[in-house]
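First up is the structure itself, then whatever we jot down about it.
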Amino acid sequence: MVHIAKGGRGRPRSEAVEQAIIEGVVRLLEDGVPLADLSIERIARTAGVGKATIYRRWDGKEALFVDVLRVFEEPDPELPGTSMRDDLVCLLEGLRRRGLNMRSSAMLHNVFAQMKALPKLWDAYHRTVVDPRRRLTHEVLRRGVAGGELRADVDIEMANDLLVGPMLLRTIMRPDAPLDADLAERIVDTVLEGLGPAV
């Protein structure tokens with residue numbers, strides 16, 4: 001059974017109907033239908049529902065596609081909360097696992113490649129998926145400053161990029177690069193060695 005991402009849109013929704021719609025989109029993508037050619041009408045016909053049924057649950061194709069993409073992603077990890085370092089490792093490990101999923105699914109890789117040519121979908125994905133994760137990393141870093149695990153003068157935005165950048169480079173820009181099981185720990189420890197408080 002596919003994972004259905006929950007949202008706050010409209011009235012309570014039937015998971016069975018949502019699953020049929022999302023699986024309909026997945027089926028079309030697996031058949032090689034480009035994202036740009038996936039109309040609400042075509043999706044409704046494939047899922048065996050009416051267009052109104054889809055619009056009651058999503059306000060457009062972009063919102064629906066974002067939920068479809070979440071089917072392929074592991075849920076965001078629950079942070080251990082034991083230290084800033086442990087939380088950062090947990091966040092980066094989530095990125096590493098998503099990278100592994102991308103490498104193992106030609107369809108998912110193809111979908112993300114197509115998204116870059118669809119600005120409204122790309123923006124919707126960033127607004128509802130990427131930006132909240134970025135804000136969470138910023139929050140963890142600010143807690144680190146408050147708790148003395150980071151220098152008080154650290155640029156939070158820059159620290160975020162220093163941590164996330166190497167993982168994104170390996171998962172997206174260098175598909176041949178190894179994604180070792182300890183990669184998240186090594187990145188975090190390397191960055192924190194330079195950003196930690198003076199001893």
Side-chain angles (χ1 to χ4, degrees), residues 3-10 12-13 58-59 62-63 65-104 108-109 111-112 115-116 119-175 177-199:
H3 167 71
I4 303 290
K6 303 297 181 191
R9 299 177 295 273
R13 304 176 291 174
W58 293 275
D59 57 15
E62 289 76 23
F65 290 162
V66 167
D67 275 1
V68 170
L69 289 172
R70 285 176 171 153
V71 169
F72 297 98
E73 294 192 351
E74 294 189 15
D76 288 332
E78 184 173 341
L79 302 183
T82 49
S83 68
M84 177 195 66
R85 186 240 181 220
D86 291 347
D87 285 351
L88 291 173
V89 169
C90 184
L91 289 168
L92 285 194
E93 175 61 13
L95 286 178
R96 187 185 76 88
R97 290 181 176 276
R98 290 185 188 98
L100 290 172
N101 288 343
M102 182 84 71
R103 291 183 181 186
S104 65
L108 186 58
H109 182 81
V111 166
F112 269 93
M115 280 174 57
K116 295 175 184 177
K120 286 177 67 177
L121 175 55
W122 192 244
D123 288 347
Y125 182 76
H126 272 260
R127 187 173 60 256
T128 60
V129 177
V130 177
D131 290 348
R133 289 172 181 162
R134 189 175 186 85
R135 287 194 295 271
L136 179 57
T137 306
H138 286 186
E139 181 184 325
V140 169
L141 290 168
R142 290 190 186 96
R143 288 203 306 264
V145 170
E149 295 178 85
L150 278 185
R151 297 197 314 267
D153 64 343
V154 164
D155 181 327
I156 296 298
E157 188 81 24
M158 178 69 74
N160 178 93
D161 292 347
L162 289 171
L163 288 158
V164 176
M167 189 65 79
L168 291 182
L169 176 68
R170 291 212 176 189
T171 56
I172 297 174
M173 303 298 293
R174 292 183 56 203
L179 293 175
D180 300 326
D182 66 343
L183 181 59
E185 290 184 280
R186 288 192 285 122
I187 291 173
V188 170
D189 289 341
T190 299
V191 172
L192 293 187
E193 186 176 347
L195 298 181
V199 178

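Values below: all heavy atoms of this structure, side chains included; hydrogens, waters and symmetry mates excluded.
- The line from CG of Leu92 to CD1 of Ile187 is 5.5 Å long, rounded to the nearest 0.5 Å.
- Note that CE of Met84 is 12.5 Å distant from CG of Leu79, once rounded to the nearest 0.5 Å.
- For the side chain to side chain donor-acceptor pair (under 3.5 Å) test, no residue two or more places apart in sequence or in another chain qualifies with Arg170.
- With sequence neighbours excluded, no residue forms a salt bridge (Lys or Arg N to Asp or Glu O under 4.0 Å) with Arg174.
- Partners of Arg103 according to the salt bridge (Lys or Arg N to Asp or Glu O under 4.0 Å) rule, which considers only residues two or more places apart in sequence or in another chain, do not exist here.
- Looking at residues two or more places apart in sequence or on another chain, you find a side chain to side chain contact (heavy atoms under 4.5 Å, CB included) between Arg135 and Asp131, Pro132.
- For the atom pair CD1 of Ile172 and CG of Leu168, the computed distance is 5.0 Å after rounding to the nearest 0.5 Å.
- Remark: Asp76 pairs with Arg98, Arg133 by the side chain to side chain contact (heavy atoms under 4.5 Å, CB included) rule, at least two apart or across chains.
- Contacts of Ser83 classified as side chain to side chain donor-acceptor pair (under 3.5 Å), with partners at least two apart in sequence or in another chain: Asp86.
- Checked against ring pair (Phe, Tyr, Trp, His ring centres under 6.0 Å), His126 has the following partners two or more places apart in sequence or in another chain: Trp122.
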message = Before you tell me yes or no, could you show the steps for Val68 and Val111 under side-chain contact (heavy atoms from CB on, under 4.5 Å), namely the whole-Å CA-CA distance, both residues' side-chain angles and the distance that decides it to 0.1 Å?
response = CA-CA 11 Å; Val68 170; Val111 166; over 6 Å; no

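- Applying the side chain to side chain donor-acceptor pair (under 3.5 Å) criterion to Asp180, with sequence neighbours excluded, gives Arg186.
- The closest side-chain heavy-atom distance from Ile156 to Arg142 is below 4.5 Å.
- Across all non-hydrogen atoms, the minimal contact from Ala159 to Leu195 is CB-CD1, 3.8 Å.
- Scanning for side chain to side chain donor-acceptor pair (under 3.5 Å) contacts around Asp123 gives an empty result, with sequence neighbours left out.
- Every residue two or more places apart in sequence or in another chain that forms a side chain to side chain contact (heavy atoms under 4.5 Å, CB included) with Met173 is listed here: Leu169.
- Taking OG1 of Thr171 as the reference point, atom CG of Asn101 lies at 11.0 Å (rounded to 0.5 Å).
- Taking Glu149 as the reference, nothing meets the salt bridge (Lys or Arg N to Asp or Glu O under 4.0 Å) condition, with sequence neighbours excluded.
- In this structure, the side chain of Arg96 does not engage the main chain of Asp182 through any donor-acceptor pair within 3.5 Å.
- Shown here for Arg143 and Asp87, the closest heavy-atom pair between the two residues is NH2-OD2, 3.0 Å.
- Scored by the side chain to side chain contact (heavy atoms under 4.5 Å, CB included) test, Thr128 finds Val66, Arg70 as partners (sequence neighbours excluded).
- Across all non-hydrogen atoms, the minimal contact from Leu163 to Val188 is CD2-CA, 3.9 Å.
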